[in-house]
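Report on one structure; see the data block that follows.
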Amino acid sequence: MEKYEPKNIEKKWQKYWEDNGTYKDYSRDKKFYVLDMFPYPSGVGLHVGHPKGYIATDVTARFKMLNGFSVLHPMGWDAFGLPAENYAIKNKSNPNVFTARSIANYKRQLEMFGFTYDWDREINTTDPAYCKWTQWIFLKLFEKGLAYESNAPINWCPSCKTGLSNEDLEDGKCERCGSVVEQKQMRQWVLKMTDYADRLLYDLDSPQLEWEDMIVEQQKNWIGRSEGVQFAMQIESSDEKIEVYTTRIDTAFGITYAVVAPEHEIIEKLKENISNLDEVKKYIEDANKKTNLERTELQKEKTGVRLEGILVVNPFTGKSVPLFVADYVLGGYGTGAVMAVPAHDERDFEFAKKYNLEIKEVVSGGSIFENAFTDDGILINSDGYSNLSSSEAREKIADYLEKEKIGKRKVNYKMRDWVYSRQRYWGEPIPIIHCENCGAVGVPEKDLPVTLPEVENYEPTGTGESPLASISDWVNTTCPKCGRLGKRETNTMPQWGGSSWYYLRYIDPKNDKVIIDKDLEKQWMPVDLYVGGAEHATRHLLYARFWHKFLYDIGVVSTIEPFKKLLHVGLIMAEDGRKMSKRWNNVVNPDDIIGEYGADAMRLYEMFMGPFTQSVSWSTTGVSGVRRFLDKIWKVKELVSADISSDKKIVSLLHKTIKKVSDDIENFRFNTAISQMMILVNAMEKESKIAKDDFQSLLIVLAPFAPHVAEELWSGLGNEKSIFLQSWPQFDEKLSRDNEIEMVVQVNGKVRERLMVAADVLEDEVKETALENEKVRVFTDGKEIKKIIFVPGKIINIVVE
RNA sequence: GCCCAAGUGGUGGAAUUGGUAUACACGCACGACUCAAAAUCGUGUGGCGCAAGUCAUAAGAGUUCGAGUCUCUUCUUGGGCACCA
């Protein structure tokens, strides 16, 4: 028989599957939608880390097919974005050219793996037919008041020359280029994601969502819900008041001052009364110059300036306290103003120490001369609330505030609205026309998509306008409402726009009439399994959930969540333990690995490396190990005989393997599934004959992992139909049972002997044998036997003395 | 600081409800085949000990007949959030 040579069989079967549409039977009753986070096709191509998730979904897809499901497993391209645009800037060519080339290379690489992707459904976010619907969703958001223009200060990357959302930052730096982000006030489009904060939070616990804890926790933290109260503090001898927000209203009797953020409006309103206005203005100016990074730099000393001449009244004690402006209070959160209780808040404590402010203890339990005591406790110095616990006091004081109408219970979120405009070329144009009479007007649906015009220069302008602004032919248009002169919006959408709904497009990729056909949507949604990198936990996955809920509200989709089960891929690190990167010169190219070991070995190895969600280092010698396993299977085929039955041990091991591989695939434990198959093959190899049926069962179980080898050996046994049109072998409990089992004998929990006994042996018999055993008697003779614990099929433990 | 995940041989890891710790694979050593090498096959491979044994799952305590697994304390690593009142 010929040696196993991957090159001779892989292309052949890939072509066969494609020509025969082996995977494309979408008519079965049971449906399974398995999805990879689609890649950004970069210029350099895939390294061996990228396909890990794709292999896992492919194994799952094939497993589900063999179990009678119609499986939707599509692939596409998230193709807007900076690398293509930067390339275009450098070479003065349309980013389309670069994008198309990168896609072709990615697709070529993915095809080497023999994935089950239905390329008829391939999508590309930059395709005008696709953009049309991304823009359509924006228009719907705009119609419902969920897309609005704002002039609030936002994150600005000075190097990318564009505004960014909070989700686009990493440590106060631009996630793309690493530049320190500045705050810049500019006109921008914002999506009102905070309207969905509660649902984004609570639905994480809905039974429609089975996500890993890690990702769920990250989203919960990001949304950052907090429950507290908001109440007014009156400015002494003035009609003005400031609203403050706190989660620790139980400490209200300990207020010794109050603080507003530098951008707080009260400063402007009270400027007549502030005696040190110049000093205050100087402070605000300096604070505005600081970047987010400088503001939050670790353990940075707190700064602030007292507003001289202003006092605010603590509504609980009636006492007046000073007011400060300080940048440790954030303008964008809560009301931008806080009550300060230095005895029970670390930040206030630090500030009060520095500026010699009073520290008044109102919760007992700490030593407030040294540290702020921030735990709950029993109230003191709090009039009628003294002696209550913190939690009781919070309820009672909140009730009081609501009764007296001074304040109310309030929920706040850390999550902000989504800053949605980018001042760059390579993104979906925002479909809005600005008219002097009518203001911002949506482009009528019939005029979608608004496509990108050709420009001379792709360079960002840095002025807050995108390069589109210089194309007057394109910018100048008529207002769809009044017909007078209008100007197109020149900002474009962020890359996250197109990726927020692409999973719907796969279901119905060619439909130009509606965003999605309702019947098809109901057949496939939600996505049953979604796999991708953990770095998307608070970006893509949050945005997509937000859009999906919006689409649910306007009746486009029928589920409240888009992705039922979510798993993150553990990174593959380089052999040296670092991230694979051109910079370290440690990148391994899948073309080379497949060239040397074959696609099936590559697939098996990545699934065998370790637990799927864990990050592991690449090891090329590890690939040779799974390749040896494939070689062994290839040789075991020589032992196959149609007229015999396999040894009982083999049959039992086969059934154990069927069970284990089935369970393990369902639970994404591919590494142990593969080791079980190795155990079986190691045992088969030692036999002289293997029954054909048994070997065929092994091939079916192997097929999801190593489809080319499985298909080749399957057809070599004379089968005409593809192995992927077979049914998964039935696990038979009876056949999996062993006649004889090993029974461990322990004395006081320590293993002293192992006995081979019949599987159905009686407890008394084992006890008797064990107690008579010489090795056991060494430890039991002359001692009193207190009890004997018997675990059927496993252990007998004799407890002495 | 807060939240999440994890810590087991030389290496990646296994042990699914507390029941044989180190499966499977890599690496290494020795042997067979070979003029030789590669490939392949075989044997061995946690530490200490000639052995019977004994000690080992980050460290320490606890529960239990029995703990890698459960509880508490501490340490370390990775990830996320971070002046969010």
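Convention: sequence-line order gives letters A, B, ...; per-chain numbering from 1. Values below: every heavy atom of this structure, side chains too, minus hydrogens, waters and symmetry copies.
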A:Phe668 CZ to B:rA5 P, straight-line distance once rounded to whole Å: 20 Å
A:Arg754 or A:Met214, whichever maps to the more 5' nucleotide of RNA chain B: A:Met214
Of the listed B:rA82, B:rC83, B:rG79, the closest approach to the A:Gln218 side chain comes from B:rG79
Starting at CZ of A:Arg539 and ending at P of B:rG79, how long is that distance when rounded to a whole Å? 14 Å
For the P atoms, the ones on B:rA21 and on B:rG53, what distance do you get once it is rounded to whole angstrom? 14 Å
Of the listed B:rG19, B:rU20, B:rA85, the closest approach to the A:Ser226 side chain comes from B:rA85
Under the side-chain contact (heavy atoms from CB on, under 4.5 Å) test, which residues partner A:Ala673, sequence neighbours left out? A:Val661, A:Asp664, A:Phe705
Show me the protein contacts with nucleotides 23-25 of chain B, counting only N or O atoms at under 3.5 Å.
| residue | atom | partner | partner atom | Å |
| --- | --- | --- | --- | --- |
| B:rA25 | OP1 | A:Asn682 | ND2 | 3.1 |

Separation of atom CE in A:Met339 from atom P in B:rA85, rounded to whole Å: 12 Å
Suppose we screen for ring-ring contact (aromatic ring centres under 6.0 Å, His included). Which residues come up paired with A:Tyr4, at least two apart in sequence or across chains? A:Trp634
Taking atom C1' in both B:rU77 and B:rA58, compute the distance separating them and give it to the nearest angstrom. 10 Å
Solution key, residues 246-254 of chain A side-chain donor-acceptor pairs under 3.5 Å, sequence neighbours excluded:
| residue | atom | partner | partner atom | Å |
| --- | --- | --- | --- | --- |
| A:Thr246 | OG1 | A:Arg248 | N | 2.9 |
| A:Arg248 | NE | A:Asp250 | OD1 | 3.0 |
| A:Arg248 | NE | A:Asp250 | OD2 | 3.3 |
| A:Arg248 | NH1 | A:Thr374 | O | 2.8 |
| A:Arg248 | NH2 | A:Asp250 | OD2 | 3.0 |
| A:Asp250 | OD1 | A:Arg394 | NH1 | 3.4 |
| A:Asp250 | OD2 | A:Ser390 | OG | 3.1 |
| A:Thr251 | OG1 | A:Arg248 | O | 2.7 |

Residue pairs involving residues 747-759 of chain A (criterion side-chain hydrogen bond (donor to acceptor under 3.5 Å, both in side chains); sequence neighbours excluded): A:Glu753-A:Asn773
Nearest of B:rU16, B:rA14, B:rG19 to any side-chain atom of A:Pro611? B:rA14
So, does the side chain of A:Gln746 form a donor-acceptor pair with the base of B:rU20 at under 3.5 Å? no
Heavy atoms under 4.0 Å, any strand shown: does A:Val616 hit a base, just sugar-phosphate, or nothing? sugar-phosphate
Using atom P in both nucleotides, what's the gap between B:rC70 and B:rC4 to the nearest angstrom? 15 Å
Atom CZ of A:Phe612 and atom P of B:rA5 are separated, to the nearest Å, by 19 Å
Just to be sure I understand the rule, does A:Val338 reach a base, reach only the sugar-phosphate, or reach nothing, if contact means heavy atoms closer than 4.0 Å? base
Looking at every non-hydrogen atom in both residues, tell me the closest pair between A:Met609 and A:Trp618 and how far apart they are. CE-CA, 3.9 Å
Tell me every residue that passes side-chain contact (heavy atoms from CB on, under 4.5 Å) with A:Lys783, counting only those two or more places apart in sequence or in another chain. A:Val800, A:Glu801
Using whole Å, what does the distance between atom P of nucleotide B:rU11 and atom CE of A:Met573 come to? 18 Å
When you get a sec, tell me which of B:rU40, B:rC3, B:rU16 is the closest nucleotide to the side chain of A:Lys660? B:rU16
Distances for protein N/O vs nucleotides 49-55 of chain B N/O pairs under 3.5 angstrom?
| residue | atom | partner | partner atom | Å |
| --- | --- | --- | --- | --- |
| B:rU54 | OP1 | A:Arg752 | NH2 | 3.4 |
| B:rU54 | OP2 | A:Arg752 | NH1 | 3.0 |

With rounding to whole Å, what would you report as the distance between B:rA23 and B:rA32 at their P atoms? 27 Å
Across all chains, not counting sequence neighbours, the side-chain hydrogen bond (donor to acceptor under 3.5 Å, both in side chains) partners of A:Glu685 are none
Pairwise C1' distance, B:rU17 and B:rG68 [rounded to whole Å]: 16 Å
A:Glu740/A:Lys649 salt bridge by N-O under 4.0 Å criterion: no
Give the stems involving RNA chain B, where a stem is 3 or more consecutive Watson-Crick or G-U wobble pairs (i with j, i+1 with j-1, and so on) under 3.5 Å. B:1-7 with B:75-81, B:10-12 with B:24-26, B:27-32 with B:40-45, B:46-48 with B:53-55, B:58-62 with B:70-74
Counting the atoms with a prime plus P, OP1 and OP2 as sugar-phosphate, which does A:Lys414 contact under 4.0 Å by heavy atoms, base, sugar-phosphate, or nothing? base
Determine, for A:Phe612 and A:Lys52, whether the Lys NZ or Arg CZ falls below 6.0 Å from the six-membered ring centre while staying within 45 degrees of the axis. yes
Phosphate oxygens OP1/OP2 of B:rA85: is one of them under 4.0 Å from a side-chain N or O of A:Tyr333? yes
RNA chain B: 5'-proximal contact among A:Ile795 and A:Gly610 (nearest heavy atom): A:Gly610
Check every atom of B:rG13, B:rG66, B:rC81 against the side chain of A:Asn797 and return the nucleotide holding the closest atom. B:rG66
When you get a sec, tell me which of B:rG80, B:rC4, B:rC83 is the closest nucleotide to the side chain of A:Glu217? B:rC4
Please find the pair of heavy atoms, one from A:Ser619 and one from A:Tyr605, that lie closest to each other, and give the distance. N-OH, 3.1 Å
With sequence neighbours left out, which residue pairs that include part of residues 615-624 of chain A fulfil the salt bridge (Lys or Arg N to Asp or Glu O under 4.0 Å) condition? none
In whole angstroms, the gap separating C1' of B:rA6 from NE2 of A:His568 amounts to 11 Å
B:rG7 and B:rU57: how far apart are their P atoms, nearest whole angstrom? 14 Å
Taking the C1' atom of each, how far is B:rC33 from B:rG42, in whole Å? 11 Å
Of the candidates B:rC83, B:rA85, B:rU16, the side chain of A:Asp345 sits closest to B:rA85
Can you check the A:Glu212 CD to B:rA6 P distance for me, whole Å? 11 Å
Students often get this wrong, so: under 4.0 angstrom with heavy atoms, is A:Gln614 touching a base, only sugar-phosphate, or nothing? sugar-phosphate
Can B:rG46 be described as syn, meaning its chi torsion is within 90° of 0, or is it anti? anti
Whether A:Asp663 and A:Arg669 form a salt bridge (side-chain N of Lys/Arg under 4.0 Å from carboxylate O of Asp/Glu) is what I want to check. no
Give a yes/no verdict on a cation-pi contact between A:Arg545 and A:Trp211, requiring under 6.0 Å between NZ or CZ and the six-membered ring centre and an angle within 45° of the axis. yes
In whole angstroms, the gap separating P of B:rA39 from OH of A:Tyr597 amounts to 10 Å
Which residues share a side-chain hydrogen bond (donor to acceptor under 3.5 Å, both in side chains) with A:Lys354, sequence neighbours left out: A:Glu301
Using the P atom as the point on both nucleotides, what is the distance between B:rG46 and B:rA82, in whole Å? 48 Å
Once side-chain contact (heavy atoms from CB on, under 4.5 Å) is applied, do any residues pair with A:Ile650, and if so which ones, sequence neighbours excluded? A:Ser646, A:Asp647, A:Ala683, A:Met684, A:Glu687, A:Ile690
